[in-house]
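Have a look at the structure below, then the notes.
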Amino acid sequence: MKDKLPIPRVLAQDGPFQRGFSIADMAAPVTKLNFWGVRGSTPTVDPATWRYGGNTPCLELEAPDGTQFILDCGTGLRMLGNRWVAPSGEKSQGTHILITHYHWDHIQGVPFFAPLYLPKNEFKFYSFRSKFLGRDSLKQVFEAQMAVPYFPVDMSVMSAKRKFQEVEGGESFTIGENKITTRWLNHPQGCLGFRIETPAGTVAYATDNEPGNAKLDESLRELAAGADIFINDAQFTPEQMETTRKGWGHSSWLEGVKAARQAGAKTLVLFHHDPDSTDRKLDSILRQARDEFDSVFAASEGMVITLGAPGEAVQAHMPGTRTALRREVQCHAKVCGLTEGGREFVEETVVCELSLQGAMITIKHLPQLQSELQVTMEAPGTNGERRIQLKGYVVRIDDTNDKGRVSVGVVFTD
């Protein structure tokens with residue numbers, strides 16, 4: 001049976017949308033979560049994975065007290081480094097980096113993270129002691145991947161201050177005003193899940209986990225209990241989990257929905273996408289997940305989620321920079337889709353901007369972010385009026401000067 005939880009409101013990244021709430025106007029504390037890498041196993045630059053992104057796991061979390069966290073150091077870490085804003089303020093204790101485990105896709109961004117080469121920066125790394133490496137496992141892993149003959153320079157060229165702290169599953173500790181809790185997950189060679197409780201809400205990060213171990217399944221539920229945001233591994237399909245990918249240490253959208261429901265999590269984010277999963281396949285996975293659990297997003301590179309005070313709606317922001325240069329047009333169109341509340345709608349409108357990849361459309365209905373729209377445009381042709389039927393993916397929503405209408409950014413998928 002479908003869960004009926006509140007659906008997160010949306011806010012365009014490039015400007016406030018009045019149906020939600022403006023971050024600048026909020027008196028309540030805010031936690032901001034940035035997605036820099038969302039792909040699992042290996043990065044991909046396949047054009048078919050462009051919308052969701054091809055970098056491997058890396059998230060940035062900024063807590064209300066200014067504490068900055070980085071979750072995993074996949075290739076998305078390089079992108080974060082290129083847009084780096086170091087934490088500031090008298091209470092700043094540098095940046096805290098939580099590493100789930102030592103597989104390549106979660107550490108391979110470290111040598112390319114520019115802030116590590118600047119002496120003014122300070123980082124503290126946290127992860128577990130590997131039984132294969134022993135003491136100082138975390139430091140050993142980072143040094144080894146930059147050792148001869150794997151990299152042209154070693155870790156000694158990194159002039160930023162670095163500290164390493166070993167943690168185990170089941171621990172809890174505080175950083176600033178934030179409580180961090182760790183739990184073991186079911187993954188080959190071990191993996192930690194992290195729960196970060198901030199004054200503005202709770203984020204549970206559980207990448208790389210496979211259901212089926214009763215004790216570790218319970219650990220996952222404890223990690224996600226009542227979380228505002230539950231980020232869960234969804235690399236494989238339910239069918240793969242039962243056959244060819246059993247024992248590989250990953251989960252599916254269906255198992256994520258089950259865990260979110262059991263744990264009472266408010267919003268589920270599907271994460272660690274398979275490198276062979278195209279944008280269209282992920283669109284299909286997201287639709288299936290939303291049929292079972294209303295408040296679901298598929299992690300997308302450049303996506304930002306903000307949490308406010310308890311009771312406030314979660315807000316998701318999609319990257320405006322992933323859209324192409326547009327041209328002004330005036331084409332009559334019919335738009336079909338789903339509203340933010342999950343209801344179907346059909347509406348006559350006008351396409352006001354158009355590119356080869358997408359369009360900006362002004363409509364009365366508020367569609368769901370990351371949902372599909374069907375757009376039928378009427379355009380003049382050599383033999384009279386012609387209809388063009390396209391499918392699109394909602395990447396942004398802006399307010400307009402026309403009361404009761406919104407401007408919807410669409411990337412065409414078909």
Side-chain angles (χ1 to χ4, degrees), residues 31-38 55-63 65-88 91-130 133 136-146 155 157-169 171-183 185 190-198 203-208 223 231 271-272:
T31 290
K32 184 177 179 183
L33 185 65
N34 296 269
F35 291 77
W36 296 99
V38 301
N55 280 299
T56 58
C58 180
L59 280 67
E60 176 192 16
L61 187 149
E62 182 180 347
D65 64 352
T67 303
Q68 186 177 45
F69 297 92
I70 295 175
L71 306 177
D72 277 326
C73 295
T75 58
L77 185 67
R78 183 181 71 87
M79 304 301 293
L80 169 57
N82 291 344
R83 296 164 177 79
W84 179 251
V85 178
S88 59
K91 296 182 179 180
S92 175
Q93 299 178 3
T95 298
H96 301 267
I97 303 181
L98 311 179
I99 306 294
T100 59
H101 63 302
Y102 303 129
H103 288 167
W104 283 121
D105 52 332
H106 293 256
I107 65 170
Q108 63 194 148
V110 170
F112 307 97
F113 186 48
L116 278 171
Y117 295 85
L118 301 176
K120 66 179 181 179
N121 293 326
E122 182 176 348
F123 299 94
K124 188 170 184 179
F125 296 83
Y126 304 78
S127 199
F128 61 93
R129 178 180 295 188
S130 167
L133 297 174
D136 296 328
S137 295
L138 183 55
K139 187 177 180 182
Q140 285 187 60
V141 165
F142 289 144
E143 290 178 341
Q145 73 167 329
M146 295 180 68
M155 206 170 183
V157 302
M158 292 181 170
S159 53
K161 298 180 181 67
R162 302 185 304 277
K163 296 180 181 178
F164 300 90
Q165 179 173 326
E166 291 183 346
V167 295
E168 293 290 324
E171 289 189 24
S172 291
F173 52 97
T174 59
I175 299 175
E177 298 176 0
N178 313 286
K179 180 182 178 182
I180 316 301
T181 302
T182 63
R183 288 290 186 272
L185 301 176
C191 182
L192 287 176
F194 292 96
R195 177 185 176 92
I196 305 175
E197 298 176 50
T198 79
V203 175
Y205 179 60
T207 181
D208 294 69
L223 199 75
I231 302 164
F271 188 72
H272 208 274

With rounding to the nearest 0.5 Å, note down the distance linking [atom1] in [X] to [atom2] in [Y].
X	Y	atom1	atom2	result
D208	F271	CG	CZ	8.5 Å
L133	Q140	CG	CD	5.0 Å
W104	Q145	CH2	CD	5.5 Å
L61	L98	CG	CG	9.0 Å
S172	K179	OG	NZ	4.5 Å
L71	I231	CG	CD1	7.0 Å

Can you check whether [Y]'s main-chain N or O pairs, donor with acceptor, with [X]'s side chain at less than 3.5 Å?
X	Y	answer
T198	N178	no
S127	I99	yes
D72	G74	no
E60	L80	no
Y102	F128	yes
T56	T75	yes

| Aromatic rings H103 and H101: how do their planes relate, parallel, tilted or perpendicular, breaks at 30° and 60°? | perpendicular
| query | Under the salt bridge (charged side-chain N to carboxylate O under 4.0 Å, His left out) test, which residues partner E168, sequence neighbours left out? | reply | none
Quick check on the 6.0 Å ring-centre criterion: do [X] and [Y] meet it?
X	Y	value
F69	F194	no
F123	W84	yes
F125	F142	yes

| said: Run the side-chain contact (heavy atoms from CB on, under 4.5 Å) test on H96 and I180 for me, step by step, so that the C-alpha distance in whole Å, both residues' side-chain angles and the decisive distance to 0.1 Å come before the verdict. | reply: CA-CA 11 Å; H96 301 267; I180 316 301; over 6 Å; no
What's the shortest heavy-atom distance between [X] and [Y], and which atoms?
X	Y	answer
P87	G94	CG-O, 3.7 Å
P111	M158	CA-CE, 3.9 Å
S130	S137	N-OG, 2.9 Å
I175	D65	O-OD2, 4.3 Å
P115	A160	O-CB, 3.7 Å

Is any side-chain heavy atom of [Y] closer than 4.5 Å to one of [X]?
X	Y	result
R162	L116	yes
D105	H272	yes
T100	Y205	yes

| request: Answer yes or no: is there an ion pair linking K32 with E62, defined by an N-O contact shorter than 4.0 Å? | output: no
| query | Among all residues two or more places apart in sequence or in another chain, which pass the side chain to side chain contact (heavy atoms under 4.5 Å, CB included) test with R195? | reply | T181, E197, T202, L223, A225, A227
| query | After noting the C-alpha distance and the side-chain angles of T95 and Q68, does the key distance pass the side-chain hydrogen bond (donor to acceptor under 3.5 Å, both in side chains) rule? | reply | CA-CA 5 Å; T95 298; Q68 186 177 45; 2.7 Å; yes
| said: Is there a side-chain contact (heavy atoms from CB on, under 4.5 Å) between N55 and R78? Walk through the geometry before answering. | reply: CA-CA 9 Å; N55 280 299; R78 183 181 71 87; 5.6 Å; no
| task | Return each pair, listed once, that meets side-chain hydrogen bond (donor to acceptor under 3.5 Å, both in side chains) where at least one residue sits in residues 110-124; pairs must be two or more places apart or across chains. | result | K124-Q165
